[in-house]
Each structure stands twice: as C-alpha cells, then as structure tokens.
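For reference, the structure is listed below as structure tokens.
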Amino acid sequence: MLTLHTADLLVAGPGAAPLPGGAVLVDGDRISRVGPYEELGAAWPHARVRRWPGVLTPGLLVRGADELLERTYYPDDPYETAELGADPISGAEALAGLSMTESRWGNSARRATQKLLARGVVAVTGRLTVPSVRTAVIRSGLTLLPPAAATPPDLPSLDPFAGRDTAEQAFFGTLEPGTPARFAVFAAPDAEALLKQGATTCVATVIAGRLLHRRR
C-alpha cells in the first residue's frame with residue numbers, strides 16, 4: 001500500500017534545503033518519492049495520507065546502546081516505580097541489589113526501546129552481549145550498528161541530541177527515493193527549534209514503512 005506522509009516542513013537530511021509542505025511517499029518498506037505534497041498527492045491520488053504537525057526528518061541515532069540497555073535498568077511502570085522510582089538505575093552497586101537476570105534485562109530493554117522510539121530514534125550503536133537484550137532491540141525494529149569510534153564523556157543518553165551541536169548531526173541517513181522508509185516527525189517548527197525543544201517532541205516514528213510510535 002502506498003502511504004503519503006506530509007508535515008509542515010520536511011528536512012530530507014543534513015545540509016538539505018527545508019521543504020515547506022514536503023511529503024514522503026512510502027511503498028512498502030521503502031521511500032518511493034520525496035517532494036511537495038501538492039505534487040505527490042496529485043500524482044498518487046489513491047495513496048493513504050498521514051498529515052503530521054511540525055517537522056519531518058530522517059530518524060535519529062543514539063550512541064552507547066550497550067551502556068543504555070545492558071548496564072542501565074528501567075523500572076516497570078507502575079509495578080516497580082513505587083519501590084524503585086521512575087528514573088533509570090545504573091551503577092554496579094545499585095544493579096547488584098536488583099538481582100538482575102537475563103529475562104529481567106530483556107524486559108528492561110524492551111521498555112527502553114519504547115522510550116527510544118518515542119524520541120524518534122531508529123538506530124543505535126553498541127556491542128550487545130546479553131541475548132535477551134539483543135533480541136529486544138531486533139524485535140523493536142531499531143537498527144543495531146557497531147560501536148561508535150568515539151563517544152563523548154557525557155554519553156550515553158536516551159537523548160539523541162546529547163553531545164550534538166545541531167539536530168542534523170543525529171540524523172541517521174537521508175530521505176530519498178529507494179532508501180529505507182525510516183523517519184520521524186517532531187512538534188517543532190524546524191531543525192533548529194527541534195534541537196532546543198528536544199526529541200521528546202516526537203509525534204511519530206516510522207521504521208520499514210511501519211508506524212512504530214505515535215503520540216497519543
């Protein structure tokens with residue numbers, strides 16, 4: 001099925017000229033066309049249309065998945081937050097007190113991947129050694145890449161903009177015909193405002209043509 005995603009502004013990649021009223025035509029798991037909505041809508045009148053507020057960009061990349069997913073625990077809300085609190089738990093001593101098992105690590109990783117998708121993240125870097133964690137990442141749809149060559153000292157973070165000077169530095173790939181349909185939409189007027197307002201403004205995340213996150 002053809003789906004036409006359109007937003008107030010489209011930024012196809014780093015250095016690309018912003019396109020007001022831009023759209024992405026998705027055919028299966030690939031991008032078929034990128035251009036003004038008026039042109040694409042006229043050429044493919046039977047495509048399903050999804051209209052989004054804000055700026056549509058390539059999906060985002062987060063570094064340090066091994067630290068985020070195998071050395072940080074995300075309490076199960078609401079079942080554990082009364083006892084453990086809602087914040088992620090890290091540090092050898094704190095984790096030792098949780099008596100972590102592989103199954104528990106996998107459940108934690110699943111919760112973390114949902115948090116990443118809710119921030120427009122489509123890919124992570126890191127070397128995962130816990131099978132249940134690796135399975136959680138693969139099933140989430142996120143792309144797993146080798147560890148980044150250099151990770152800033154304040155990382156890792158669920159925030160894809162941590163350690164970035166521009167929003168474009170966090171883009172994973174570009175939006176062009178033939179590339180994977182992997183992008184996100186944020187309730188921000190442009191990329192500069194997105195960096196300031198943060199990735200939690202994400203309203204939709206699409207991976208392989210599937211809408212994996214939509215803000216309610």
Side-chain angles (χ1 to χ4, degrees), residues 3-26 30-41 49-65 68 113-125 140-143 145 148-152 154-216:
T3 303
L4 196 54
H5 293 264
T6 182
D8 301 327
L9 187 72
L10 184 146
V11 179
L19 177 61
V24 175
L25 181 67
V26 174
R30 296 272 160 177
I31 293 175
S32 176
R33 296 286 191 280
V34 178
Y37 168 73
E38 296 300 330
E39 293 182 10
L40 298 184
V49 176
R50 292 191 182 275
R51 300 179 185 274
W52 304 106
V55 58
L56 191 157
T57 75
L60 307 181
L61 172 71
V62 154
R63 298 164 287 183
L68 284 172
T113 59
Q114 291 303 308
K115 293 177 184 294
L116 290 169
L117 290 171
R119 289 164 170 79
V121 175
V122 301
V124 295
T125 69
S140 74
L142 295 172
T143 295
L145 302 170
T151 302
D154 58 336
L155 294 180
S157 170
L158 290 174
D159 178 8
F161 299 136
R164 312 281 196 182
D165 297 319
T166 67
E168 289 89 344
Q169 290 177 354
F171 289 175
F172 180 59
T174 59
L175 306 179
E176 55 187 73
T179 60
R182 191 167 46 200
F183 51 87
V185 189
F186 302 89
D190 53 36
E192 183 177 355
L194 171 57
L195 182 67
K196 295 178 181 178
Q197 296 176 18
T200 55
T201 59
C202 181
V203 296
T205 303
V206 173
I207 296 179
R210 296 181 297 147
L211 184 61
L212 297 187
H213 166 74
R214 181 174 186 174
R215 180 189 290 179
R216 298 184 182 277

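In what follows, every heavy atom counts, from backbone to side chain, and hydrogens, waters and symmetry copies are set aside. Predicted, not measured: the structure shown is a model, and the values here were computed from it.
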task: Carefully, step by step, assess Leu56 and Val24 under the rule side chain to side chain contact (heavy atoms under 4.5 Å, CB included).
output: CA-CA 9 Å; Leu56 191 157; Val24 175; 4.0 Å; yes
Is any side-chain heavy atom of [Y] closer than 4.5 Å to one of [X]?
{"X": "Val124", "Y": "Leu61", "answer": "no"}
{"X": "Arg214", "Y": "Cys202", "answer": "no"}
{"X": "Val203", "Y": "Phe186", "answer": "no"}
{"X": "Ile31", "Y": "Leu25", "answer": "no"}
{"X": "Ile207", "Y": "Thr143", "answer": "no"}
{"X": "Val11", "Y": "Leu19", "answer": "no"}
{"X": "Leu142", "Y": "Thr113", "answer": "yes"}
{"X": "Leu211", "Y": "His213", "answer": "no"}

Between [X] and [Y], what is the shortest heavy-atom contact and its length?
{"X": "Pro20", "Y": "Pro18", "value": "CD-O, 3.5 Å"}
{"X": "Gly120", "Y": "Ala184", "value": "CA-CB, 3.7 Å"}
{"X": "Val185", "Y": "Pro53", "value": "CG1-O, 3.4 Å"}
{"X": "Gly54", "Y": "Asp8", "value": "N-OD2, 2.8 Å"}
{"X": "Ser140", "Y": "Leu117", "value": "O-CD1, 4.1 Å"}
{"X": "Phe161", "Y": "Ala199", "value": "CE1-N, 3.7 Å"}

field: side chain to side chain contact (heavy atoms under 4.5 Å, CB included) evaluation trace for Val206 with Val26
entry: CA-CA 10 Å; Val206 173; Val26 174; 5.6 Å; no
query: Can you tell me if Arg119 uses its side chain to pair, donor with acceptor, with the backbone of Asp159 under 3.5 Å?
result: no
message: Applying side chain to side chain contact (heavy atoms under 4.5 Å, CB included) to Val49 and Tyr37, what does each step give before you reach the verdict?
response: CA-CA 10 Å; Val49 176; Tyr37 168 73; 4.0 Å; yes
- request: May I have all residue pairs that pass side chain to side chain donor-acceptor pair (under 3.5 Å) and include part of residues 200-210, sequence neighbours excluded?
  value: none
Side chain to side chain donor-acceptor pair (under 3.5 Å) pairs, two or more places apart, involving residues 160-177: Thr174-Glu176
task: Show the numbers, then the answer: is there a side chain to side chain contact (heavy atoms under 4.5 Å, CB included) between Val62 and Leu116?
output: CA-CA 8 Å; Val62 154; Leu116 290 169; 4.1 Å; yes
Those residues that, when tested against Phe183, pass ring-ring contact (aromatic ring centres under 6.0 Å, His included) (two or more places apart): His5
